[in-house]
2 protein chains.
Amino acid sequence: MTNDATSSLTRPQTGNAPASEPIPRRTLHDELLQRLRQMIVNGELNPGQKVPEKDLCARFGVSRTPLREALKVLANDGLVTLTPNRGAMVADLTLGDLEEAFPVMGALEALSGEMACANITDEEVAEIKRLHKAMVAHYEARELQSYFHVNQEIHQLILAAARNQTLTSAYRGLEGRIREARYLANMSTSRWTRAVEEHEQMISALEARDGAALAAILKSHLANKFETVKEALLSRVAD
Amino acid sequence: MTNDATSSLTRPQTGNAPASEPIPRRTLHDELLQRLRQMIVNGELNPGQKVPEKDLCARFGVSRTPLREALKVLANDGLVTLTPNRGAMVADLTLGDLEEAFPVMGALEALSGEMACANITDEEVAEIKRLHKAMVAHYEARELQSYFHVNQEIHQLILAAARNQTLTSAYRGLEGRIREARYLANMSTSRWTRAVEEHEQMISALEARDGAALAAILKSHLANKFETVKEALLSRVAD
DNA sequence: GTTTTGGATATTGAATTCATAATTCACTTT
DNA sequence: AAAGTGAATTATGAATTCAATATCCAAAAC
């Protein structure tokens, strides 16, 4: 039997928890779900690529049972496509999917802006401003990856400030599908500049707790983002 | 071994398909997923109730493997709660969950109204009007179940007219959680009357293809619905 | 009488096994 | 040589088996 458990998943994670707390036990299924999701979203697994169960089992050092459970969930979330008797492939985002997702995310994004303005604390605004400055620095240095990363963090904070877990998970679900194609995005300079400007406006609206304004800005900012993803998508077709 | 396959799932469904078409083959997992979802949403399985795998296996006449796959997906959708080593129970909707879901559904509902106005055909409007009349008849006869059913159909048609699958599934996901508590709702007469009035307005807005108006009506109609569910929820606590 | 502890029982998590459908590839036929 | 056919191989769908955890119940300690 060729089951090298070298890269196998570790369960307990002991060592850093505050002495006596409900010991965090996770099932393999849950752990796999998280890892696979991240691999897809980070582009380690390419859209359209077939994912044979055997390979993944070998990679994670687990049996097929928990792996398949995870795949079913990912399929339900639209991250992989499951064809009966023919296995799984990483779902690829079509232009149609993108155009469908856009208005839905717009509605959620707008809502998150309004609710964030109603609930955000001064400390959170300060934190966002701090991140914003870091982001601008990355922009000026033309560090795209770092820029994306900080940008991502800012949006997460706004979402968190909306204090609505349902909204957060609905948004994350859609966002995951988009980011799948995102890692290969290469923003044009003009679009990038505009994105940074929009972020400036976001900060102002947040400080003023102007929900309607923030909602509007987020919505148009999102349109910008979608254009970028769309271009990435089209350029990939031309491969 | 006590495996009575009397209620077992049937696979092929032959007989009614148009001669030679891609034969519809479904996996047990998928079939189970659909059935369990329906059982939860229809209230055949009560919120908070434990669902031992063994029982469900016996009921459907399948092994644990596909059943557990389905449960994992349902857990991901928030319809069941899975505790490691302790099994599954039907998720129960707290007041907090409800209050979180409300603004999110409101945003999606508004969007569906706007998009439906942009895309709906005259035929679809006519169909909705037909259903509306049937619904009013049920209202006058005080047939709550039938009323709910037709009401449901009308909202589905509006959603379908929005021509956005992403929106549809996002909405359905949230709606499922709500309907879970819905089957025990017992509308007050005044609220019921108001709901019917709102439906009248919906029809007008649809005929005029007035997206903004429809969005607004749907949103306030939703608030009405939420009040009803909330009351049902609170009355259950008093059991 | 109440609480605690130990073990029997049952249930779940995950691996393995078995069955079936899809894919591959050599071979036949033209 | 190209296309089609069919057996061998491989991958998936589902059942079964094994192991670990939780639950239940009785006996012991206080």
Side-chain angles (χ1 to χ4, degrees), chain A residues 1-14 22-36 45 49-76 80-90, chain B residues 1-14 22-36 45 48-76 80-91:
Chain A
M1 200 229 285
T2 20
N3 187 354
D4 70 310
T6 50
S7 67
S8 127
L9 303 177
T10 53
R11 234 87 74 74
Q13 297 268 14
T14 56
I23 299 172
R25 287 188 294 180
R26 319 203 51 203
T27 59
L28 285 180
H29 150 265
D30 217 42
E31 183 73 29
L32 284 168
L33 186 55
Q34 210 171 294
R35 297 212 193 183
L36 284 170
L45 260 36
Q49 185 180 336
K50 280 198 58 174
V51 223
E53 296 177 1
K54 196 164 72 85
D55 295 11
L56 292 175
C57 286
R59 187 191 297 223
F60 293 114
V62 299
S63 78
R64 285 174 55 214
T65 308
L67 180 85
R68 298 181 92 253
E69 290 171 349
L71 285 177
K72 295 286 190 288
V73 174
L74 291 172
N76 190 86
V80 307
T81 304
L82 240 41
T83 319
N85 295 319
R86 298 185 49 176
M89 64 175 233
V90 179
Chain B
M1 200 229 283
T2 20
N3 186 353
D4 70 310
T6 50
S7 66
S8 130
L9 303 176
T10 53
R11 234 87 72 71
Q13 295 269 15
T14 56
I23 300 171
R25 286 187 295 179
R26 320 203 51 206
T27 60
L28 284 180
H29 150 265
D30 217 42
E31 182 73 28
L32 285 168
L33 186 55
Q34 211 171 291
R35 297 211 192 184
L36 284 170
L45 260 36
Q49 183 180 335
K50 280 197 57 173
V51 223
E53 296 178 1
K54 197 163 70 83
D55 295 11
L56 291 175
C57 287
R59 185 188 301 220
F60 293 114
V62 298
S63 80
R64 284 174 58 216
T65 307
L67 180 85
R68 298 180 94 253
E69 290 171 348
L71 285 176
K72 296 285 190 290
V73 173
L74 291 172
N76 188 64
V80 307
T81 304
L82 240 40
T83 318
N85 295 319
R86 299 183 47 175
M89 64 176 235
V90 179

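A, B, ... follow the sequence lines: proteins, then strands. Residue 1 opens every chain. Both backbone and side-chain heavy atoms feed into the values below; hydrogens, waters and symmetry mates do not.
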Check nucleotides 7-11 of chain D against the protein and report each pair of N or O atoms closer than 3.5 Å, with its distance, or say if there are none.
none

Can you give me the N/O atom pairs linking the protein to nucleotides 19-21 of chain D at distances under 3.5 Å, or say none if there are none?
unit_1	atom_1	unit_2	atom_2	d
D:dT21	O3'	A:Arg25	NH1	3.4
D:dT21	O3'	B:Asn85	ND2	3.3

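Residue whose closest nucleotide on DNA chain C sits further toward the 5' end, between B:Lys72 and A:Arg64: B:Lys72.
Considering only heavy atoms from C-beta on, A:Leu36 comes within 4.5 Å of A:Phe60 through its side chain. Using a 4.5 Å heavy-atom threshold, the side chains of B:Lys72 and A:Lys72 count as separate.
We find that NE2 of B:His29 is positioned 13 Å from P of D:dA15, with the value rounded to whole Å. When rounded to the nearest whole Å, the span between CE of A:Met89 and C1' of D:dT12 equals 17 Å. Atom-to-atom, CG of B:Leu28 to P of C:dA19 comes out at 16 Å; the value is rounded to the nearest Å. Computed from coordinates, the A:Glu69 CD to D:dT12 P distance equals 16 Å when rounded to whole Å. Residue B:Leu56 contributes atom CG, which lies 13 Å from atom C1' of C:dT12 at whole-angstrom precision.
Here the CG atom belonging to B:Leu32 is positioned 11.5 Å from the CZ atom belonging to B:Arg59, to the nearest 0.5 angstrom. In this structure, OG1 on B:Thr27 lies 4.5 Å from CG on B:Asp30, to the nearest 0.5 angstrom. Within the model, atoms CD of B:Glu69 and CG of B:Leu67 stand 9.5 Å from one another, a figure rounded to the nearest 0.5 Å. Atom OG1 of A:Thr81 is separated from atom CZ of A:Arg86 by 12.0 Å, given to the nearest 0.5 angstrom.
Judged by distance alone with a 3.5 Å cut-off, no donor-acceptor contact links the side chain of A:Ser63 to the base of C:dA14.
The side chain of B:Thr27 lies closest to D:dA14 when the candidates are C:dA14, C:dA15, D:dA14. Listed nucleotides: D:dA15, C:dA14, C:dA15. Nearest to the side chain of B:Val62: D:dA15.
Across every non-hydrogen atom of B:Leu45 and B:Val90, the tightest pair is CB-CG2, 3.8 Å.
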Scan the side chains in residues 49-56 of chain B for donor-acceptor partners under 3.5 Å anywhere in the protein, sequence neighbours excluded, and list what turns up.
unit_1	atom_1	unit_2	atom_2	d
B:Gln49	OE1	B:Asn46	N	2.8
B:Glu53	OE1	B:Arg64	NE	2.7
B:Glu53	OE1	B:Arg64	NH2	3.1
B:Glu53	OE1	B:Arg68	NE	3.3
B:Glu53	OE2	B:Arg68	NE	3.0

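Under the rule for a side chain to side chain contact (heavy atoms under 4.5 Å, CB included), the partners of B:Asn76 that lie at least two apart in sequence or sit in another chain are A:Arg37, A:Val73, A:Asp77.
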